[in-house]
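Letters A, B, ... mirror the listed sequences (proteins, then strands); counts begin at 1.
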Amino acid sequence: DAKTTQPTSMDCAEGRAANLPCNHSTISGNEYVYWYRQIHSQGPQYIIHGLKNNETNEMASLIITEDRKSSTLILPHATLRDTAVYYCIVRPGNYGGSQGNLIFGKGTKLSVKP
Amino acid sequence: GAVVSQHPSWVICKSGTSVKIECRSLDFQATTMFWYRQFPKQSLMLMATSNEGSKATYEQGVEKDKFLINHASLTLSTLTVTSAHPEDSSFYICSAIWVRGGIQYFGAGTRLSVL
């Protein structure tokens, strides 16, 4: 079973920041938080991941609370192409073999509207 | 990011035939690849873990004789759906771990329709 909880759906206005929350209250010390998204009829796309520090890349920012029990993915300027299902996943850092598997929950369906 | 290529993207076949799906890591070597299946309006479900040079590890409920996996090189894994039936129609997705970053990258998926 997925170890994360996400809202089922969210709306965001085009050009505004999209803030997607994720709860992972049972996260272990060696588990990372990964975010992926899946646009309709495509394979999942990696967005960002982190352990305990906030992370930023060209796609998004990841804010992890100090107790690591929750995190927020931020898309700073959402576009219509960001409409997708966003998955928050926790996984151990030692990803050899089957431990590398990502367990997908239901994710959050983000709809970016004009 | 690293690229995983999956082919074909879409296939229609008759019931009873076999279909092979290829998954390639284009710019990195992948000792471990994964095969997932996704039914409409559902999330991805892991079918098997494929390690280069060894037998694949199948998840509970996945028939290993029906879904043949071969991971003969560090850049190629194949999934063969043998004697396909309409209930095997689904979206099949492969992924590979880029060891350097620990990130799992996914192919674009293969939509299989069995008539």
*asked:* Can you tell me how far apart CG (A:L102) and CZ (B:F34) are? Round to the nearest 0.5 Å.
replied: 7.0 Å
*Could you give the distance from CZ (A:F104) to OH (B:Y36), rounded to the nearest 0.5 Å?*
5.5 Å
*Measuring heavy-atom distances to chain B, does A:Q38 have an atom under 4.5 Å in its side chain, in its backbone, in both, or in neither?*
side chain
*Is the number of heavy atoms from other residues, nucleotides or ligands within 6.0 Å of NE2 (B:H85) greater than 12?*
yes
*Answer yes or no: are there more than 12 heavy-atom neighbours, outside B:M45 itself, under 6.0 Å from its atom CE?*
no
Check for me, please, whether [X] and [Y] land in the same ILVMFWY cluster - side-chain distances under 4.5 Å, paths through other members count.
X: A:V85; Y: A:Y46; result: yes
X: A:I48; Y: A:I74; result: no
X: B:I69; Y: B:V19; result: yes
X: B:L76; Y: B:L79; result: no

*Looking only at heavy atoms, which two atoms of B:S43 and A:Y87 are closest? And how far apart?*
OG-CE2, 3.6 Å
_Residue pair A:G43 / B:I93: nearest heavy atoms and the distance that separates them_ = CA-CG2, 4.3 Å
*Is A:Y36 reaching over with its side chain to a backbone N or O of B:Q104, donor-acceptor style, under 3.5 angstrom?*
yes
_Under 4.5 Å from a heavy atom of chain A, the part of B:L44 involved_ = both
_Atom group of B:Q38 that falls short of 4.5 Å from chain A, counting heavy atoms_ = side chain
